[in-house]
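Keep in mind that the numbers below use all heavy atoms, side chains included, and drop hydrogens, waters and symmetry copies.
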Amino acid sequence: MRHPSDYAILQVLPRLETGGVEQVVVELTEAVSRTGARAFVASQPGRLVRAVERAGGKHVAIDLESRNPFKLLAAAHHLTRLIRAERISLVHAHSRAPAIAARLAARRCRVPFVTTYHGAYGQRGRLKRAYNAVMASGDRVIAISEFIADLVRARHGVGAERLRVVPGGVDCAKFAPDAVNGGRMETLARAWALPDGAPVIMLPARLTGWKGQRVAIEALARMRHRDAILLLVGATQGREAYRRSLLATIGRLNLTLRVFFAGDCADMPAAYKLADIVVNASTDPEAFGRTIVEAQAMRRMVIATDHGAARETIRHGETGWRTKPGDADDLAAALDAALDLTPESRLAMGEAARAYVAEFYSIAAMQNGNLAVYDELLR
């Protein structure tokens, strides 16, 4: 058996900006480094390059973002040179365009190729189906939830010999309510100019249509609790037209003083603790829904749409509630019912939620699950 220091793992993704996939890459870098193996990440640079380096990895800047066939071939050439120069043992792709280049390079160099199917990916048209299929072409295909595993089986016919389910995880030491002091919460409340004493409903997600910000805004307008505010935490990512359309909806519903745009947030544990209720209003099924798990780790009551992986990450009535997808009336009723509960009742549900997350969705379980997949192919 080779020593772990003889191994080198290369992860590829489009760009190291903030996001759930990017955070997984950082966490896996830390896990690989901890074993004594060398960890590499290839992508366009971004804000998380330093996080990869702090986790013990080395970042290599390669244009893996473009879908242009010529640029993909150039990326495959660069990856091939990297694999040979650094004696890479295994390549792990987290996104479709990089996976095309990475698969070609891995096959050229005869090293194992792993993919993680991170999303439900739309399937309209023959070209899109072929584009998605690369994520099911690994020597092992990792699904981040049972929902995604079912989708991969149905779409691509991947059998048990190649398919592995490794749910996403959360760092329960970082997302720990007792570790967040009042000063951190007060800093955010002041920065966002939140009114004192108002019940805070938080929707943490980047600003994009399918994340359901409009549904949440419409639900707020239909609630009995007229003092509640909605806090939208997430980056615009250039979608200014969508933000303007949300502002128009807010104005039409006379909610200007009750909806707050927080933008990107560097201290999400404090943001969750600031909230009374955390909402996931996604209109399309979530492949995993990292914010659902993070909020539960923070003992927050979570209300999410009843589809996708939310059916796994929330035990309805025990660790949170689920509502009809895209139904503002159902969401409004659930929010009112949640605010009707005593703080003690919401906290009790939060305690159950944190225990559930700690048992089934820890970052250690996610890391160990991925390392076990690597071990299958390397041993």
Side-chain angles (χ1 to χ4, degrees), residues 7-14 16 19-35 37 39-43 52 55 57 64 79 88-103 105-107 111-121 131-171 285-290 292-293 308-309 312-313 360-379:
Y7 293 112
I9 306 299
L10 170 63
Q11 298 183 80
V12 299
L13 73 162
L16 267 174
V21 173
E22 293 81 356
Q23 190 60 41
V24 167
V25 169
V26 173
E27 291 160 354
L28 290 182
T29 298
E30 191 275 331
V32 169
S33 299
R34 194 172 61 237
T35 68
F40 293 82
V41 176
S43 74
V52 162
L64 290 165
L79 288 172
I88 299 294
S89 311
L90 179 147
V91 178
H92 186 172
H94 293 273
S95 186
R96 290 168 290 180
I100 294 171
R103 183 178 186 276
R107 295 297 182 248
V111 299
F113 178 58
V114 175
T115 58
T116 293
Y117 215 101
H118 282 284
Y121 309 134
Y131 184 53
N132 293 343
V134 70
M135 298 308 294
S137 68
D139 299 306
R140 293 294 183 273
V141 180
I142 298 173
I144 63 171
S145 63
E146 291 292 348
F147 163 68
I148 289 296
D150 289 342
L151 182 147
V152 171
R153 292 185 193 102
R155 281 185 180 176
H156 307 290
V158 178
E161 73 284 355
R162 287 196 296 126
L163 185 61
R164 302 290 181 269
V165 180
V166 182
V170 62
D171 185 346
E286 291 275 7
F288 177 65
R290 189 182 185 96
I292 294 173
V293 178
E312 303 164 42
T313 55
F360 295 104
Y361 298 106
S362 71
I363 188 173
M366 183 276 290
Q367 291 171 323
N368 291 336
N370 278 270
L371 292 177
V373 173
Y374 297 167
D375 188 55
E376 285 184 41
L377 296 169
L378 294 174
R379 66 188 175 188

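Within the 4.5 Å cutoff, the side chain of Asn370 has no heavy atoms near those of the Glu27 side chain. Within the 4.5 Å cutoff, the side chain of Leu28 has heavy atoms near those of the His94 side chain. With a 4.5 Å cut-off on side-chain heavy atoms, Tyr131 and Ile100 count as touching. Within the 4.5 Å cutoff, the side chain of Arg96 has heavy atoms near those of the Asn132 side chain. Side chains of Glu376 and Asp139 form no contact here, defined as non-hydrogen atoms less than 4.5 Å apart. By the 4.5 Å heavy-atom criterion applied to side chains, Leu10 and Val111 are not counted as neighbours. At a threshold of 4.5 Å between non-hydrogen side-chain atoms, the residues Tyr374 and Val32 count as touching.
In terms of heavy atoms, Val52 sits closest to Thr29 at O-CG2, 3.8 Å. Taking both residues in full, the closest heavy atoms of Gln367 and Arg34 are given as OE1-NH2, 3.6 Å, listed atom of the first, atom of the second, then distance. In this structure, Leu64 and Pro98 approach most closely via the heavy-atom pair O-CG, 3.2 Å. Among all heavy-atom pairs drawn from Phe113 and Ala99, the shortest one is CZ-O, 3.7 Å. Considering every non-hydrogen atom in both Leu378 and Ser89, the closest pair reads CD2-O, 3.6 Å. Ile142 and His92 get closest at one heavy-atom pair: CD1-CE1, 4.2 Å.
Although no hydrogens or angles enter the test, the distance criterion places a donor-acceptor pair under 3.5 Å between the side chain of Arg162 and the main chain of Gly138. Checking side-chain atoms of Thr35 against main-chain N and O of Ala37 turns up a donor-acceptor pair under 3.5 Å. With hydrogens and angles disregarded, a donor-acceptor distance shorter than 3.5 Å links the side chain of Ser145 to the backbone of Ala287. Ser33 places a side-chain N or O within donor-acceptor distance of the main-chain N or O of Ala55, the cut-off being under 3.5 Å.
In this structure, Leu90 CG and Asp375 CG are separated by 11.0 Å, a value rounded to the nearest 0.5 Å. One distance of note links OG1 of Thr116 with CE of Met135; it measures 6.5 Å at 0.5 Å rounding. Between atom CD1 of residue Ile363 and atom CD of residue Glu30 there is a gap of 7.0 Å, rounded to the nearest 0.5 Å.
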For residues 146-158, which side-chain donor-acceptor pairs fall under 3.5 Å, sequence neighbours excluded?
from	atom 1	to	atom 2	distance (Å)
Asp150	OD1	Arg153	NH1	2.7
Arg155	NH1	Tyr117	OH	3.4
Arg155	NH1	Ala120	O	2.7
Arg155	NH1	Tyr121	O	2.9
Arg155	NH2	Ala120	O	2.8
Arg155	NH2	Tyr121	O	2.7
His156	NE2	Tyr117	OH	2.9

Open item on the list: With side-chain hydrogen bond (donor to acceptor under 3.5 Å, both in side chains) as the criterion, how do His118 and Ser95 come out once you've worked through the C-alpha distance, each side chain's angles and the decisive distance to 0.1 Å?
Closed with: CA-CA 8 Å; His118 282 284; Ser95 186; over 6 Å; no
Task: CA sep, side-chain torsions, deciding dist, call: Arg290, Val24, side-chain contact (heavy atoms from CB on, under 4.5 Å) - done: CA-CA 10 Å; Arg290 189 182 185 96; Val24 167; 3.7 Å; yes
